[in-house]
Amino acid sequence: MTGRFMDTYKRTGLVFVRGSGCVLEAEDGKKYLDFASGIGVNSLGHAHPRLVAAIAEQASRLIHVSNYYQSREALALSEELCSAAGMDSLFLCNSGAEANEGAIKIARKWGAARSPSKTTIVTLRGSFHGRTIATLAATGQDKFHEQFGPYPAGFVYVEAEDAAALDSALGSDVCGLLLEPIQGESGVIPLSDSYLRLAARLCAERGILLMTDEVQCGVGRTGSFLASSRAGVRPDVVTLAKGLAGGLPIGAVLARGEAATTLVRGDHGSTFGGNPLSAAAARVVLGELASPGFLDAVARKGQRIHSAIAAWMQPLVKEVRGAGLMIGLQVSCPPDRIKELCIEGGLLVLTAGADVVRLLPPLVIGEADIDNGLRILRGALETAGKI
Ligand SMILES: Cc1ncc(COP(=O)(O)O)c(C=O)c1O
């Protein structure tokens, strides 16, 4: 099946018809254990009863009102999300890239109010911030800067973990530092706590907004609501998307302190952002994450996967990285081959970077599914090692 899509995705050919919990069923009836959750989107798995009920109830009552009006669902979500993230205000949109666009606009306006030349945004090499023109420019990987120029100016890239490079890049022309606490697309590469703390200190001392892109690693994925809080760091601006509404499109840029009041009427907008349907879904996700023990369980389940894989190690796995249920295995054979072998065995995994198999299972995954998935993954790694 090809359809009439522009050929922008490397698809597997699988066509899914339904899902339940951590299992997806394809058209031919074959079932797959889902260690991908879309790409970290189905945080509550598939067909979660409370999520389904909330979406159905909301759809039957009110799907959309423009942002000239309000809905109770979006109002409640704005309170709950700001409180979960420890932020003062938010802007709701529809995707991760759009959330980062919002963050970039906040930093630029915030900087310009202090000095006309305070417009530079520093990001890290290996980062990924989205597919719009500005977020491609923010992405610190040359391969994303080749085809769609001219790109907007004002982005500077530094090597992650290089304290001296960060120190010298954060000059008086810089309005914001944007970074992923765990780089997802480039291979599940966590920034060290000490580097994150240094970044926070330098930003605070020099009047620069610290902005964390937690589109992939936020919303409980690492076992804390925000991944940055694991290092004891409080960003001025944080972006969220992916798992926030359990599968419905949503993005959010949240800010605190002076950054929270930077954007005013007419500065920004989105037709669909903050629609009641996505808001109702996001409220269910936040409710589940806030239930007693939920985030600790994410950390524990992640540890179970991590330790199992750490015990396999060489020659199957070179390194295992990540936190909570965001895990990357650096492998010595092409990760796409592992992904194919996993599919044959009935397991969906992701790849990242050049040599990483990435696992982002639903946050609600149970131990039996974890162990089954690990068995299939190990079989795939062993088979790939013999080829
Ligand atoms: C860290 C990060 N930022 C931004 C994005 C872009 O999100 P979206 O595809 O929802 O625009 C992604 C997507 O993979 C991401 O991982």
Side-chain angles (χ1 to χ4, degrees), residues 6 8-11 36-43 85 91-107 121-141 143-145 148 155 157 160 176-191 196 199 210-222 225-228 230 235 237-254 270 272-275 278 281-282 285 321-328 349-353 356 358-360:
M6 293 184 192
T8 58
Y9 296 107
K10 194 158 83 186
R11 300 187 199 264
S37 314
I39 307 176
V41 167
N42 305 93
S43 40
F91 179 89
L92 291 171
C93 51
N94 309 284
S95 68
E98 206 186 338
N100 285 333
E101 290 273 352
I104 291 165
K105 283 176 79 172
I106 292 174
I121 294 179
V122 174
T123 70
L124 301 191
R125 289 252 163 240
S127 58
F128 181 78
H129 298 297
R131 297 278 191 167
T132 62
I133 292 289
T135 57
L136 282 176
T139 291
Q141 300 185 54
K143 68 177 180 191
F144 287 105
H145 302 155
F148 307 107
F155 291 93
Y157 317 106
L177 169 66
L178 176 65
L179 50 78
E180 298 158 85
I182 302 182
Q183 293 187 335
E185 298 304 306
S186 57
V188 189
I189 304 169
L191 294 178
L196 278 169
L210 174 66
M211 309 194 288
T212 55
D213 175 348
E214 311 211 16
V215 164
Q216 191 166 146
C217 63
V219 198
R221 176 61 47 197
T222 64
F225 188 76
L226 295 183
S228 48
R230 301 170 60 77
V237 176
V238 61
T239 56
L240 304 173
K242 291 201 185 282
L244 180 54
L248 288 196
I250 193 167
V253 50
L254 298 101
S270 163
F272 293 114
N275 71 81
S278 298
V285 171
R321 304 189 283 256
L325 289 170
M326 179 169 184
I327 295 174
V349 298
L350 296 157
T351 59
V356 171
R358 178 173 39 155
L359 311 178
L360 300 171

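Numbering of ligands and ligand atoms starts at 1, following listing order.
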side-chain contact (heavy atoms from CB on, under 4.5 Å) partners for Thr139, two or more places apart: Phe128, His129, Gln141, Phe144
Any residue meeting side-chain contact (heavy atoms from CB on, under 4.5 Å) with Arg230, in chain and number order, not counting sequence neighbours: Thr222, Ser224, Ala323
Donor-acceptor contact present, side-chain Glu214 to main-chain Val238, <3.5 Å: no
Close-range residues for ligand 1, whose non-hydrogen atoms fall below the 4.0 Å threshold: Ser95, Gly96, Ala97, Asn100, Phe128, His129, Gly130, Glu180, Glu185, Asp213, Val215, Gln216, Lys242
Side-chain donor or acceptor of Ser127 paired with backbone N/O of Gly140 under 3.5 Å: yes
Name of the residue among Gln183, Arg221, Met326 meeting side chain to side chain contact (heavy atoms under 4.5 Å, CB included) with Gln216: Met326
Partners meeting side-chain contact (heavy atoms from CB on, under 4.5 Å) with Ala85 (sequence neighbours left out): Met87, Phe225, Leu226, Leu254
